[in-house]
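One structure is given below, encoded as structure tokens.
In what follows, every heavy atom counts, from backbone to side chain, and hydrogens, waters and symmetry copies are set aside. FYI, the numbering just counts along the sequence from 1.
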Amino acid sequence: MKPGNSEVNKIVSHKYTKYIGKDNEHGVVRLDQYEDKESCKRKNINQLVGRLNLLGKYHSKLKSHAFLQVSAPSLQRHEPCEESNLVQTYIQRLLMTDYRARYIPIKEKPSEVFNTQRNMVLDTGKTNAFEKIFKRSAPEQTNEQSRSQPIHPMDIQMIVYLYADNFLRQLMVTKLSQCQYALPLLVPSPFTQEIEFPLWTFRQIKKSWKSHKRNISKNQAVHKTETPMVAFFRFSEVSASKSELMNNLINERHTTFFHRHCCGSSKSRLLMDGVVEIAWYCPSGDKNDKFTDCVAFCNLHGDAQANGTQLKILNEDSSINVVLLPNLDKSDKSMAMVEKLYNSTKPLICLLTEDASGVSKLQEGKYTIGLKQRNKSDISEDVRRAIKDCLSQPLSVFKLMNMGKHTGIKVDENDDDCRSGKETAEWMMKLLEEKELSKIKETFLPCQGKLWHDWCLKNKELHRPQGDNIEMHNSQKQTEMHKIREQQKASGVSNFMKLFTKNIYSRNVDEKMYFLKWLGILLDEYTSEDLSMLHHKYDEKWSKVLDLKKKHDKSKHLTAEQSQLEMLSEKLNAATFGLEHILREIGQIYESDVSVKKNTGSGCKLDVRSLPRIVAELMISGYPLELMDGDAAHVPLIWVQAVLDELIKILGDQIFFVLSVLGIQSTGKSTMLNAMFGLQFAVSAGRCTRGAFMQLVKVSEELRKQLNFDYILVVDTEGLRALELAGRSTRNHDNEMATFVVGLGNMTLINIFGENPAEMQDILQIVVQAFLRMKKVRMNPSCMFVHQNVGDITASEKNMVGKRRLQEKLDEMTQLAAKEEVCDAEYFSDVIKFDIKTDVRYFAQLWEGSPPMAPPNPCYSENVQELKSTILSHASKSMGVTLAQFRDRIGDLWNMFHLLKKSI
């Protein structure tokens, strides 16, 4: 066995070593004799590990970076998959938020196909039909027996989960939640027999719902949410499917809990017995909601009697217990547990699988419901009614993070590196206590506030000289800018920033990643309540402005509403405090230090020159780098180029394909990039991305020669046509952003929501004008248009009409932009190489139904996959850029951009 797989080695205990032999088919250890059922299970798990090639491919824990890259499995669509590639394919599908990750077709082995075909040939002779159909002889079964047992879909999920490190687990569970799947809550290890509570995996998950009681919308982290919890479990073998019944209660259109009737299910399931899964029902505030408030549902897989620890924890934490029972004798061991549940003060609903009667209320909070030979819809309605009746009474509430207090279980957050990272992040958060949220950035991040904004304003004035004496004007502005840099440096480095940089310097890789994750989580918790209130006010004001715009209202009332919207936006900006602002401060500390050579007496002992290296390493780890400060609308050129220089030192001057995206705000740009590359750009309503961020996506070794580049550099941008930027300032801001981003990318994705030509006109004019400017300076980027949220993407005739309409609009915008830019261009194809047939894509709606309970539409994931393949096909034919060329391009483009601003 490979080193580093200590858990797998434990599968085969010492006392069985005399029975070890070689399995020729899978090349793994096989045991020929067993003393008990548990040993047989261990042998089967060991074979599963071998079939999935976990020992051959991965020498230690599975890590995120191995899957967050462009690889052959990431480009597969519906092709059957080799067993040895199932792990890679499953994770890639999950990263794309494709809930069909559970249902991956497996490629048959040639020997199995041959045996099947041979049987068909041999069975041509006449034979007795009865003997053939009902009394198959042993020789006729050998071919079936020679085939490997099919791998259960949930065994793939759980073996990946068990082999993953905590960061990959957290990413997996976050994606499972987005797919509206149930999440592992208590997980017994088949290797060590320990039961783990994976609290860490829930830390980034939030749920949204609208309560009927107060008509209040909520968005809360699930680990802190207090809700009723309904626990489901069974005793002994039962004829009904508990998981299927739970699905019908929560969302009958989606398989939240995998059950025996799902595609791929089989009796060969190895890793789910004893696992407790959790899912939440989240109402939308609609009259058709199944429950009027958020409710947690827990599902104990397997016989509850064989999983006593899990049963005890669920019984203690539940608000309502629901148990499936066969016919039991009074002397049955399970009856003692049923008696205990019945005599508890908690409501109990007994589902009798061999009873055909309806609902019986035995006493307050105690019910029996028969399941035998009854309609599934009727059963679901009866169970739901009984649960709602129980929920109407005062009940205990469930809080997920409190489960760690139970004895007999292991909590993943007790890992040494995780605990150390959390303690350091909590120590930093103490510095923020009792500080007004809107003043925190001003206090702890002084270099990026008013001083930085003033410097950016002076820099703009420097490149827009006024008056006759330009030389004097420039000299004056440069002096003023230098004074601001001196003030930045003199303001020093806050204790908060000193502590941050100290911990970034001194920690090992895992501890550093935990520290950064914890700091992000704690900052989010610290700001979420105030931000939620401001977002609610902002959304209400946004809706008012939208309504007025639709009515073509040009009165003072609209102006006043837009002014209030802008004020709310400023409050939101002031109250928003995350890791990106800390990294921005590091950039400004560096720029001020480089710009001011002399010692200003700030007393800063920070090794400023090493800061670019630290952030370059974070980029390689998967963190995005802010390319354009969205608040100041400025590129910190000295800082960005310094980080890129360090990247060159670390990676070498490798070849990059730069992919950027533009679109109107809240049209799903970041969502699309996240699904395409498994990234985690911020997504929510409103202007969630401010400015522009770039993130590295590695290309696997196997694809590098085929694609001719080593990395994709993804540039995500803030939405155009933001409502809070009213009038001409909107157009100026959008033109600046579009011109810069189009110039950066080898390819730019133009994201459009829907197909309304009037809605498209503004963004098309901005985009065409940006491409015209690039043509002026002999830069030739390419583009593709993505229509999001299109109803019927299969209607080819309709799509052709839409493409023709887009072509006409592009040509019209080209003529308008050409006049404004004073150049000759009549058609969009005069500006850029563009094929309306291949460079326009239609995307299905993101959700399969209505949120908050709707899963992502698998057609959307498929559209993303097709677009990804097309982009890579284009990219393989392009030159790409080295990091040094990209660094210089940013500088050249930014300098050119200042000249263009005169005409913007």
Side-chain angles (χ1 to χ4, degrees), residues 203-204 206 208 216-221 224 425-426 428-454 456 491 494-497 499-500 516-545 561-588 624 626 628-634 665-666 670 680-693 718-719 722-726 733:
R203 288 285 181 179
Q204 290 187 313
K206 290 188 173 185
S208 299
I216 295 174
S217 295
K218 294 184 179 180
N219 179 255
Q220 291 185 354
K224 297 180 73 175
E426 286 176 334
M428 285 191 67
M429 293 303 297
K430 286 180 181 178
L431 297 175
L432 308 183
E433 286 177 0
E434 299 179 6
K435 299 288 190 302
E436 188 180 341
L437 187 57
S438 61
K439 302 291 184 185
I440 281 180
K441 283 195 283 192
E442 183 182 320
T443 305
F444 295 101
L445 312 177
C447 290
Q448 67 180 269
K450 186 177 184 303
L451 291 173
W452 166 234
H453 286 229
D454 287 348
C456 293
S491 66
S494 67
N495 288 334
F496 183 87
M497 288 303 300
L499 192 54
F500 178 83
L516 291 170
K517 285 269 190 183
W518 272 117
L519 187 57
I521 290 164
L522 296 176
L523 283 172
D524 181 66
E525 289 179 2
Y526 183 75
T527 60
S528 60
E529 190 174 339
D530 285 359
L531 284 175
S532 178
M533 181 181 65
L534 285 169
H535 269 297
H536 181 67
K537 291 179 179 178
Y538 179 87
D539 291 342
E540 285 185 340
K541 192 63 64 178
W542 188 8
S543 298
K544 283 184 181 179
V545 172
E561 293 290 342
Q562 285 179 320
S563 176
Q564 290 176 31
L565 190 69
E566 192 170 348
M567 286 174 63
L568 281 170
S569 179
E570 288 172 3
K571 286 182 179 180
L572 271 170
N573 285 343
T576 304
F577 185 37
L579 191 59
E580 68 272 22
H581 300 100
I582 295 172
L583 295 180
R584 183 189 293 174
E585 185 73 4
I586 286 178
Q588 285 310 299
E626 186 176 54
M628 176 185 276
D629 181 338
D631 295 326
H634 196 89
Q665 72 175 71
S666 301
S670 300
Q680 296 189 73
F681 285 121
V683 290
S684 64
R687 300 176 72 214
C688 32
T689 304
R690 294 297 301 262
F693 287 82
E718 71 177 74
L723 284 170
E724 65 269 31
L725 297 173
H733 177 86

Subject >> Donor-acceptor under 3.5 Å (Lys441 side chain, Gln448 main chain) >> reply: no
Original post:
How about Cys447 and Ser491: do any of their side-chain heavy atoms sit closer than 4.5 Å?
Top reply: yes
Subject >> Under the ring-ring contact (aromatic ring centres under 6.0 Å, His included) test, residues paired with Trp452 that sit two or more places apart >> reply: Trp455, His634
Subject >> Exceeds 12 heavy-atom contacts within 6.0 angstrom, atom NZ of Lys206 >> reply: yes
Subject >> Residue pair Glu585 / Phe500, side-chain heavy-atom distance below 4.5 Å >> reply: no
**OP:** Locate the shortest heavy-atom distance separating Thr527 from Ala575; write the atom from each residue and the value.
**Re:** CG2-O, 3.9 Å
Subject >> Sequence-distant partners of Glu436, side-chain contact (heavy atoms from CB on, under 4.5 Å), two or more places apart >> reply: Ser438, Lys439
**OP:** Grab the two heavy atoms, one from Ile586 and one from Met497, that are nearest each other, plus how far apart they are.
**Re:** CG1-CE, 3.5 Å
Original post:
When rounded to the nearest 0.5 angstrom, what is the spacing between NZ in Lys541 and CD in Glu566?
Top reply: 13.5 Å
**OP:** State the CG-NZ distance between Leu572 and Lys537, to the nearest 0.5 angstrom.
**Re:** 10.5 Å
Original post:
Hey, does His581 have a side-chain heavy atom less than 4.5 Å from the side chain of Thr576?
Top reply: yes
Original post:
Side chains of Arg203 and Trp518: does their closest heavy-atom pair fall under 4.5 Å?
Top reply: yes
Subject >> ring-ring contact (aromatic ring centres under 6.0 Å, His included) against Tyr526, all qualifying residues, sequence neighbours excluded >> reply: none
Original post:
Is any side-chain heavy atom of Leu583 closer than 4.5 Å to a side-chain heavy atom of Glu580?
Top reply: no
**OP:** Working to the nearest 0.5 Å, report the span between CG of Asn495 and OG1 of Thr443.
**Re:** 12.0 Å
**OP:** Give, for atom CE of Met429 and atom CG of Leu523, the distance between the pair rounded to the nearest 0.5 Å.
**Re:** 4.5 Å
Original post:
Under a 4.5 Å cut-off applied to non-hydrogen side-chain atoms, are Leu579 and Leu516 in contact?
Top reply: yes
**OP:** Return yes when atom NZ of Lys450 has more than 12 non-hydrogen atoms of other residues, nucleotides or ligands closer than 6.0 Å, and no otherwise.
**Re:** no
**OP:** Flag yes if more than 12 heavy atoms outside Met533 fall under 6.0 Å of its CE atom; otherwise flag no.
**Re:** yes
**OP:** Side-chain contact test, heavy atoms from C-beta onward, threshold under 4.5 Å: evaluate it for Asp629 versus Arg584 and give yes or no.
**Re:** yes
Original post:
When rounded to the nearest 0.5 angstrom, what distance separates CE in Met628 from CD in Glu718?
Top reply: 8.5 Å
Subject >> Asp631 CG to Asn573 CG distance, which is reported to the nearest 0.5 Å >> reply: 4.5 Å
Original post:
Which atom pair, heavy atoms only, marks the closest approach of Leu445 to Ile582?
Top reply: CD1-N, 4.4 Å
**OP:** Please examine the side chains of Phe496 and Met428, heavy atoms only from C-beta on, and report whether any two atoms are closer than 4.5 Å.
**Re:** yes
